[in-house]
Number of protein chains: 2
Amino acid sequence: MLSRERIATMALALLDDEGLETFSMRRLARRLGVGVMSLYRYYPSKDELFSELARQVFGAAPAEPAPGETWRECLVGLAVSFRRLLLAHPNALPLLFKHGGVPLRGRPAIEAMRQALKDAGLSEPEAADAWRAIGAYLVGYVTVERMTRSGASGGATPPPERDFPALARIAPYLKDSWDAQFVASLMVVLDGVTRLAEAGPCRPPVTASGTKGARSAR
Amino acid sequence: MLSRERIATMALALLDDEGLETFSMRRLARRLGVGVMSLYRYYPSKDELFSELARQVFGAAPAEPAPGETWRECLVGLAVSFRRLLLAHPNALPLLFKHGGVPLRGRPAIEAMRQALKDAGLSEPEAADAWRAIGAYLVGYVTVERMTRSGASGGATPPPERDFPALARIAPYLKDSWDAQFVASLMVVLDGVTRLAEAGPCRPPVTASGTKGARSAR
DNA sequence: ACCTGAACACCGTTCAAGT
DNA sequence: ACCTGAACACCGTTCAAGT
């Protein structure tokens with residue numbers, strides 16, 4: 001018996017196994033042992049199915065900030081969680097963008113991140129700048145990581161799925177260099193946030209003088 | 001008369017006009033007024049053609065650092081240039097990753113960036129962390145920008161192609177909010193680099209204590 | 001209610017010709 | 001030398017049936 005859930009589950013498995021490029025409704029149907037058209041009773045199109053997958057992969061309940069954390073610890077925790085979420089199904093990463101109907105803005109983890117920035121003492125516009133810096137870093141790092149790690153495309157790169165403890169012992173996790181470098185470079189970004197915070201809430205906005213020397217591209 | 005160049009030029013035009021999703025060898029051939037198979041005399045496969053396009057789009061001569069710039073000005077200039085390069089052909093951005101044979105590492109702009117970081121007083125490993133932070137920020141920001149700007153997919157989003165002067169007057173450029181926010185958040189990252197530089201060359205590496213409180217994703 | 005085969009308008013690419 | 005049509009093994013999706 002077919003169902004939306006059974007289809008979505010198998011679709012995610014197929015995506016993890018074979019990659020986005022070779023995914024097709026016909027292959028999915030073959031795996032489920034049904035005719036292609038049966039799928040269309042449950043999802044009106046491939047796009048709708050992909051939207052569901054995006055929701056399932058990236059809509060996972062985000063980590064709750066632990067009480068008593070500094071804003072920095074909170075941001076590191078959220079960033080690490082987010083990266084693990086993205087890497088859990090590496091082949092689904094492009095779906096985050098194409099089917100971006102995922103409500104990123106309202107999600108608790110995102111709000112927790114904004115709150116952490118406010119706790120750091122940033123004004124509203126400063127927090128927005130910091131938020132974009134961190135968000136772009138996250139997306140960019142994982143994108144580059146996915147594309148660089150073990151060849152250019154496709155192959156299922158099983159993520160380090162083991163749970164790492166909620167408390168301090170993540171040193172072994174840091175042995176893997178991708179993980180370590182992710183955190184190390186994140187520190188650079190967070191140092192920038194620290195500097196913003198230290199400059200106080202009345203820091204003047206960025207002016208043209210700060211961008212002197214920008215040059216045309218070609 | 002067909003040629004590698006004529007095919008590549010038309011392919012880029014087709015890509016800019018209609019997006020990556022709907023690009024096909026058959027459509028390209030129709031646009032050139034030839035049979036599909038003629039294309040295969042010049043490019044052995046669609047993948048090879050795409051590699052050529054990636055080289056053409058992202059291999060453009062990068063901006064030279066102006067003499068007398070501070071490292072910060074240099075980095076801002078390079079980042080802005082790189083973003084404009086990526087946005088010049090937004091539909092080609094995915095090619096940068098899929099056909100990443102593009103020699104990013106050896107390119108002058110990249111080396112200039114590394115040099116700017118050394119000028120800031122960073123040690124070799126510090127420069128590597130800072131480099132990854134900036135690089136991930138660039139890729140992430142442009143990726144998010146591309147996916148958010150004017151709907152989810154496809155449509156040709158003509159970039160602001162006007163040349164802006166090499167000297168200070170880039171204030172009008174900053175009127176567009178994507179541009180302004182790109183620079184503003186880049187400042188946060190660069191503030192982090194400044195902090196690294198101020199801490200001196202002997203700053204201890206990131207330790208597990210800095211990542212206390214990281215939590216599992218689900 | 002639930003599933004499906006045939007058909008349509010597409011793909012990328014091979015191969016054996018055409019000029 | 002340069003180009004090509006027919007053919008193969010694929011796509012997503014519509015539509016009119018089958019059970």
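Within every chain, numbering begins at 1; the chains are lettered A, B, ... in the order of the sequence lines, protein sequences first and strands thereafter.
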Gap between atoms [atom1] and [atom2], on [X] and [N] respectively (whole Å):
X	N	atom1	atom2	result
A:L32	C:dC2	CG	P	16 Å
B:L49	C:dC11	CG	P	15 Å
A:E21	C:dC11	CD	P	16 Å

> Tell me, what's DNA chain C's dot-bracket, Watson-Crick or G-U with both distances under 3.5 Å, | for other-strand, [ ] crossing?
Replying inline: ||.|||||...|||||.||
>> Tell me whether B:R132 forms a cation-pi arrangement with A:Y141, defined as NZ or CZ under 6.0 Å from the six-membered ring centre and within 45 degrees of its axis.
In response: no
>> Just verifying a value: how many Å separate B:L28 CG and B:R31 CZ, rounded to the nearest 0.5 Å?
In response: 8.5 Å
> Hey, what do you get for CD1 (A:I7) to CG (A:L39), rounding to the nearest 0.5 Å?
Replying inline: 5.0 Å
> If you look at every heavy atom in A:W71 and A:D119, which pair is closest and at what distance?
Replying inline: CB-CB, 4.2 Å
> What's the shortest heavy-atom distance between B:L117 and B:A127, and which atoms?
Replying inline: CD1-O, 3.5 Å
> Should the pair A:D191-A:R72 be classified as a salt bridge under the 4.0 Å nitrogen-to-oxygen rule?
Replying inline: yes
> Can you give one letter per nucleotide of nucleotides 12-19 of chain C, 5' to 3': B if a protein heavy atom sits under 4.0 Å from the base, S if only from the sugar-phosphate, - if neither?
Replying inline: BBB-----
>> Applying salt bridge (Lys or Arg N to Asp or Glu O under 4.0 Å) as the test, list every pair that has at least one member in residues 2-15 of chain A; sequence neighbours left out.
In response: A:R4-A:E52
> Are any of the side-chain heavy atoms of B:V57 and B:L93 separated by less than 4.5 Å?
Replying inline: no
>> Side-chain N or O of B:Y42 versus OP1/OP2 of D:dC3: is the shortest distance under 4.0 Å?
In response: yes
